[in-house]
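Report on the following structure.
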Amino acid sequence: MRVLLVAPPGAGKGTQGALIAAHFDLPHIASGELLRDHVARQTELGRAVQEHLDRGELVPDEIVLEMVREAFVVAKAAGGGYVLDGIPRNMAQARAAYLIGLELGMTANVALHLQADDSELVRRLLARAALERRSDDTEEVIRRRLAVYHEVTHPIVAWYAERGILVSVDAMRPAEQVGREILVALEVMRPLVDHVPEEARRPVDLTSLGVAFGAASSATPS
Ligand code: AP5
Ligand code: MG
């Protein structure tokens with residue numbers, strides 16, 4: 001199973017990525033975590049990217065693509081599956097990650113999109129700020145991260161829909177409920193993904209499930 005997550009800050013990439021990785025025994029490749037680890041260790045790379053992270057701006061594509069390549073090589077040796085969290089972040093990264101995947105025979109077979117409203121995302125990240133110390137969890141930087149998401153990251157969702165590998169879920173509900181829905185969908189898809197060519201697949205939209213089961217409908221999903 002090769003899953004990548006496309007979702008705004010606070011939607012649950014880390015939370016659900018860890019769940020999927022544990023459930024399917026896959027490496028969880030999280031670009032933000034890898035970058036923050038470099039910053040914490042004050043490596044040369046960490047010093048080069050710190051300011052980008054602190055301001056909520058993307059770090060240069062070459063840096064994350066090199067990370068993807070390295071992580072894919074390790075993942076390939078461990079069986080070839082992965083959960084990619086935080087990459088790709090723009091169209092250039094999406095195309096480049098696809099090419100790296102092609103070269104290594106490990107392109108993503110599910111692009112999981114978590115939808116949530118900006119107001120809920122800000123609320124979650126400010127709540128986290130009270131507990132953890134992430135330099136980018138201030139209201140001003142959270143709003144910048146959301147703006148970057150809407151401007152350059154969200155457009156890649158349509159590309160995955162065209163490729164037929166998109167699965168969209170409503171991430172406004174409690175994390176356990178969202179996680180259960182994701183695992184059920186992935187379990188059902190798992191036997192098929194390696195056998196049904198992308199061009200024969202259709203995007204899977206589970207976002208109305210929350211409303212169907214009584215959750216408030218979201219006016220501005222992202
Ligand atoms: P990154 O670390 O990826 O941060 P982000 O995208 O801003 O997202 P977060 O990690 O804040 O949120 P999440 O979606 O993982 O949600 P989580 O599960 O933690 O990137 C950080 C920075 O690194 C970027 O700004 C950029 O500078 C750089 N970067 C990274 N990748 C890059 C790339 N490819 N190219 C260029 N630059 C890159 O949940 C958030 C909180 O909400 C938690 O407290 C959680 O407990 C809670 N929560 C989760 N789900 C729910 C739920 N359903 N209900 C209620 N609470 C919930
Ligand atoms: Mg995260």
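The first residue of the sequence shown is numbered 1, and numbering continues consecutively from there. When a ligand or atom number is given, it counts from 1 through the structure's own listing order. Side-chain atoms are counted along with the backbone in the values below, which use heavy atoms only and exclude waters and symmetry mates.
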Numbered atoms of ligand 1 (with element) below 4.0 Å of [X], judged on heavy atoms:
X      : answer
Gln93  : 33 (C), 34 (N), 35 (N), 36 (C)
Arg145 : 5 (P), 7 (O), 9 (P), 11 (O)
Thr15  : 17 (P), 18 (O), 39 (O), 45 (C), 49 (C)
Ala171 : 53 (N)

Quiz item: Who's closest to atom 9 (P) of ligand 1 heavy-atom-wise, of Arg173, Arg134, Gln50?
Solution: Arg134
Self-check item: Backbone of Asp136 reached by a side-chain donor or acceptor of Arg145 within 3.5 Å
Solution: yes
Exercise. Without swapping roles, check the side chain of Arg2 against the backbone of Asn109 for a donor-acceptor pair under 3.5 Å.
Key: no
At under 4.0 Å between heavy atoms, is it the side chain or the backbone of [X] that contacts ligand 1, or both, or neither?
X      : result
Pro8   : backbone
Glu57  : backbone
Pro174 : backbone
Val64  : side chain
Ala175 : both
Met172 : neither
Val49  : neither

Quiz item: Using the benzene-type ring in the case of Trp, are the ring centres of His154 and Tyr149 under 6.0 Å apart?
Solution: yes
Quiz item: In the protein, which heavy atom is nearest to atom 8 (O) of ligand 1, and how far is it?
Solution: Lys13 NZ, 3.1 Å
Quiz item: Atom CD in Glu151, atom CG in Leu146: separation rounded to 0.5 Å?
Solution: 12.5 Å
Quiz item: Can you tell me how far OG1 of Thr15 sits from CZ of Arg124, rounded to the nearest 0.5 angstrom?
Solution: 8.0 Å
Practice problem: Assess the side chains of Ser135 and Asp54: does a donor N or O sit below 3.5 Å from an acceptor N or O? | Solution: yes
Quiz item: Going by an N to O cut-off under 4.0 Å, is there a salt bridge joining Arg128 and Asp137?
Solution: yes
Quiz prompt | Salt bridge Glu103-Arg69, side-chain N to carboxylate O under 4.0 Å | solution = yes
